[in-house]
Each structure stands twice: as C-alpha cells, then as structure tokens.
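Right, one structure below, let's go through it.
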Amino acid sequence: MDRVRNPYAPGAGSPPPELAGRENLVEDAKVIIGRIKAGRPTQGMILTGLRGVGKTVLLSEIRKIGEQEGFAVLLIEAHEGKKLAEMLVPPLRELLFSMNAAEKARTLAARGLRVLKSFVSSLSITIEGVTFGLGVDPETGTADSGDLEADLPRVFEIVGEAAKAADRPVLILLDEIQYLEPVEFSALIMAIHRVNQRQLPIALVAAGLPQTLALAGNSKSYAERLFRYPEVGALDDDAARRALREPARSEGADFTEQAIDRILEVTKRYPYFLQQWGYDSWNVAPRTPISAEDVDHATEHAIGELDQSFFKVRFDRCTPAEKRYMRALASLGPGTQRSGDVAESLGVKVTSLGPVRNSLIRKGMIYSPAHGDTAFTVPLFDEFMIRAMPELNAG
Ligand SMILES: Nc1ncnc2c1ncn2[C@@H]1O[C@H](COP(=O)(O)OP(=O)(O)O)[C@@H](O)[C@H]1O
Ligand SMILES: [Mg+2]
C-alpha cells in the first residue's frame, strides 16, 4: 500500500502512532507531576525494562505533560563512561540563567549559579562549553567538597529554592540510567531525597534497563523507598492489537484477524517489533485488509531490517570474546539461563567468564535477573545471535 501514508514508526525513541497499553504509567506520571507542583512529598518513578519496550517514548510523553503543566523539563540521556555531573551541569546552568532573568527569583538563581560554579570547580573534569561569565563568583565552601553524595544534594536544594521562588517546578527525565556509576546513582537519589524533604519542586522520572534494579538494591541510599520501579514490558494482547489496528484505521485501512494473530505471535507483543511488522506488512500488502500472507511476506524483510539496525548496532559494540559468550547464551534458548550452563557450553569454568560477563552487563547487552542467572536485555536477541553466528565457536 501507499508507503508515504505508512503510519508505523519503528526506531529507537520514535513516537508510536498509538501509545497503546501505557495508560496507567502515564497516569502515574501525571500524579507525580501534580504532587510536585502542589509541593507535596512524592515518590518518584524509575521505569525499567528491556530494549525496545517503549521507555524512551514514555519519557517523551511525560515531557509533554510536564511542559503543559509549566515545568522546566530537563531531558538527559546517560551514556556509558559519561559523568553524571557533565550531563547535569549544562542544563542546570541554563535553567538558573533563565530563572535569573525573572525578577522574583533573581537573588536565589544568582546564588544557584555561584554554587553551581563552585560545584564544577571541585570536579576533576572540565565541562564542555560551560562558562558562567565574569559576574559569577563561586560560592566557596558550598557543594565543592568533591564528595558527590554531599555536593549534589546541596546543588539540588539551591536549584529547588530558586525554582520555588520562580514558580517554575523542575522535571528531570533521565534515560538510560543504568549507565550511572553506583556513587552517581546514590548521589542522585540523595539529592532527590533532600528536595523532597524540603518540599522543593524537583521531580525525577528515569528509565533504564533491568540492571537498574541491582543499582538501586546495592545503593546505600533510600533508593528503594523513594522510588517505584514499574516494569515496562511487552504489551498485553488487547493493547498489542490496538497498537497495530488503530494506526491502520486512521489511514482508512485494516488487518484481518489472522494477520494480527500472526504478528502477535512473531513479535511476542514487543513494541519495537510491532512497529517493524506493522510497517513492513503495510508496505508489502497490495490492498486492505492486510492479510496473514502479507504478514508472512513481510516477516523476512522485517527480520532483515532488525538485523541491520536494532540488533546489529548492539552486536557491533562487542569484542570477539563477548560475542562468543552471547552466542553460547543464545544456544541455550530464550529467556533466563544459568551462568554455569553458559560456561559449560563454552567448556570453561564459570569464574573465568566473570570479566566478559561483567563487561556485557556494563555495555547493557545482558543482565542478571537473579544471582547466577543471565539473560539478554534485547528481546529475541538469542535468535539474532544464531543468525549472526551460525557456529557456536566461530568469531
Ligand atoms: N506503547 C506502545 N505502543 C506501540 N508502539 C510503541 C509503544 N511504545 C513504544 N513503541 C514503539 O517501540 C519502539 C521502541 O520504543 P523506545 O521508546 O525507543 O524503547 P526503549 O526506550 O524501551 O528501548 C518505537 O518504535 C516506538 O514507536
Ligand atoms: Mg530508550
């Protein structure tokens, strides 16, 4: 059918034509935003889930709600090896400068800038493109101890005071939070704890891979009490059908019931795959309604596309030893596997695989659902690994 009018949106962070099955999570976010605005103590939210389940698009949706409610929204994406302070300082500085322009918060925003400057001066990093101008002297002795867990709460407190005075609540949206170092994670939690205690208007909604739960569990802060950790997963049957059907209908087309059944079966109702199959089925179908045969024709193309993009970008970041580990994990089948079984299929001791396994966890390729267990962070990655490396000991 007409490719120009294809409504589906496969791609990391691409807003779906129909955000299906996430009504409760959106509602929870609205409550957080409403409570922060009202100056009430609030439990934040850290969304966890595999790749491609729709965490990033949920954060985008929450961003819109925050903006409608008059929040200053800071959307930050963490990266492996990038410091939390490097990611936070530039948008905080910008925010304080903008508050500084408003009469009612001028004094507090100016103080915020001085404190931010002393915070930066205590870090052993330089932050690209961040200058404070000659008029801003650091406030020596505040937030500059060099201990992030002490300094970050101080910074947040002062930003929160300025935000309150400016009547401009702040919503921090942090994506890929699993890439934070443990000390950064706990400093961030402590910072949110501080502003929460003082009822200052700063909210945090974050998203990350399932390994985030281990980060929270090991954190010596109040991570478990201060936040909820809703799991974002595959859509339920009804939502998955809507995710496919509604966009087609809005373009005057439809699927047969069997076509939808077929897509749900191959995609296991994972959002990214639903978009990919919706997209390819639309393109190959000669006419509406899209049939099960159309879906079968589309499958080959959809898998080819995923192999070249969604799966491959992750695979290419791995060393040969890491690929061998993942191939062995894949040979055990989908879902959670015992780490000992991976070692056994490679014919080595489980302890000798520790470093490879850890680096795969750090890279966000695998995670440990429970002690001694290992699973892929990308749905259907086991099938991809077998296509990419047909031989177990190749690579
Ligand atoms: N609720 C949903 N309904 C339908 N499609 C969705 C939904 N959530 C996400 N998607 C689609 O899934 C893909 C992956 O979304 P993304 O937010 O990048 O996932 P994640 O951040 O969890 O890896 C995108 O193509 C997006 O359009
Ligand atoms: Mg994402």
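As a basis for the values below, the full set of heavy atoms in this structure was taken, side chains included, without hydrogen atoms, waters or symmetry mates. Order of appearance sets the numbers: ligands from 1, and atoms from 1 within every ligand.
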- Item | Lys363/Glu80 salt bridge by N-O under 4.0 Å criterion | no
- Note on the structure: ligand 1 to Arg51, heavy atom cutoff 4.0 Å, flagged ligand atoms 23 (O)
- Task: Number the atoms of ligand 1 from 1 as they appear, then name those within less than 4.0 Å of a heavy atom of Val57, with their elements.
- Result: 8 (N), 9 (C), 17 (O)
- Task: Could you establish whether Leu274 and ligand 1 come within less than 4.0 Å of each other, counting only heavy atoms on the residue side?
- Result: no
- Message: Taking the six-membered ring for Trp, are Phe376 and Phe381 closer than 6.0 Å centroid to centroid?
- Response: yes
- Query: For atom 15 (O) of ligand 1, which candidate among Ala207, Gly54, Ala239 holds the nearest heavy atom?
  - Reply: Gly54
- Nearest heavy atoms of Gly252 and Thr288, plus distance in Å: O-CG2, 4.4 Å
- Looking only at heavy atoms, the pair that brings Ser291 and Thr256 closest together is CA-OG1, 3.9 Å
- Nearest neighbour in protein (non-hydrogen) for atom 14 (C) of ligand 1: Tyr272 CD1, 3.7 Å
- Among all protein non-hydrogen atoms, which one is nearest to atom 18 (O) of ligand 1, and what is the separation to 0.1 Å? Gly13 N, 2.6 Å
- Query: Backbone or side chain, does any N or O of Ala9 fall under 3.5 Å from an N or O of ligand 1?
  - Reply: yes
- Message: Any carboxylate oxygen within less than 4.0 angstrom of a Lys/Arg side-chain nitrogen, looking at Lys30 and Glu61?
- Response: no
- Item | Contact summary for Met87 and Ile76, nearest pair of heavy atoms | CB-CG2, 3.7 Å
- Is there at least one pair of N or O atoms, one from Thr56 and one from ligand 1, spaced under 3.5 Å apart? yes
- Note on the structure: Taking only non-hydrogen atoms of Glu18 and a 4.0 Å limit, the atoms of ligand 1 in range are 3 (N), 4 (C)
- Can Gly49 be said to touch ligand 1, with heavy atoms closer than 4.0 Å? no
- Carboxylate-amine/guanidinium proximity below 4.0 Å for Lys83 and Glu184: no
- protein heavy-atom neighbour closest to atom 26 (C) of ligand 1 works out as Ser14 O, 3.1 Å
- Find out whether the Lys NZ or Arg CZ of Arg327 is both under 6.0 angstrom from the six-membered ring centre of Tyr325 and within 45° of the ring's axis. no
- Note on the structure: protein heavy-atom neighbour closest to atom 2 (C) of ligand 1 works out as Ala20 N, 3.7 Å
- Before accepting this row, confirm whether a basic side-chain N of the pair Asp261/Arg241 lies closer than 4.0 Å to the acidic partner's carboxylate O. yes
- Message: Can you tell me which residue among Thr48, Leu50, Leu25 is in a side-chain contact (heavy atoms from CB on, under 4.5 Å) with Val232?
- Response: Leu25
- Using the six-membered ring of Phe315, assess whether NZ or CZ of Lys323 lies under 6.0 Å from its centre and within 45 degrees of the ring axis. yes
- In ligand 1, which numbered atoms sit nearer than 4.0 Å to a non-hydrogen atom of Ala12? 18 (O)
- Near Leu50 (heavy-atom distance under 4.0 Å), the atoms of ligand 1 are 22 (O)
- Item | Residue selection (non-hydrogen contact nearest atom 20 (P) of ligand 1) among Gly52, Gly233, Pro271 | Gly52
- Message: Pairs of nitrogen or oxygen atoms closer than 3.5 Å, one from Gly21 and one from ligand 1: do any exist?
- Response: no
- Nearest non-hydrogen partners of Ile36 and Ile202, listed with the distance: CD1-O, 3.7 Å
- Among all protein non-hydrogen atoms, which one is nearest to atom 5 (N) of ligand 1, and what is the separation to 0.1 Å? Gln275 NE2, 2.8 Å
- Query: Who's closest to atom 24 (C) of ligand 1 heavy-atom-wise, of Pro247, Pro16, Gly11?
  - Reply: Gly11
- Within 4.0 Å of some non-hydrogen atom of Pro10, the atoms of ligand 1 are 25 (O)
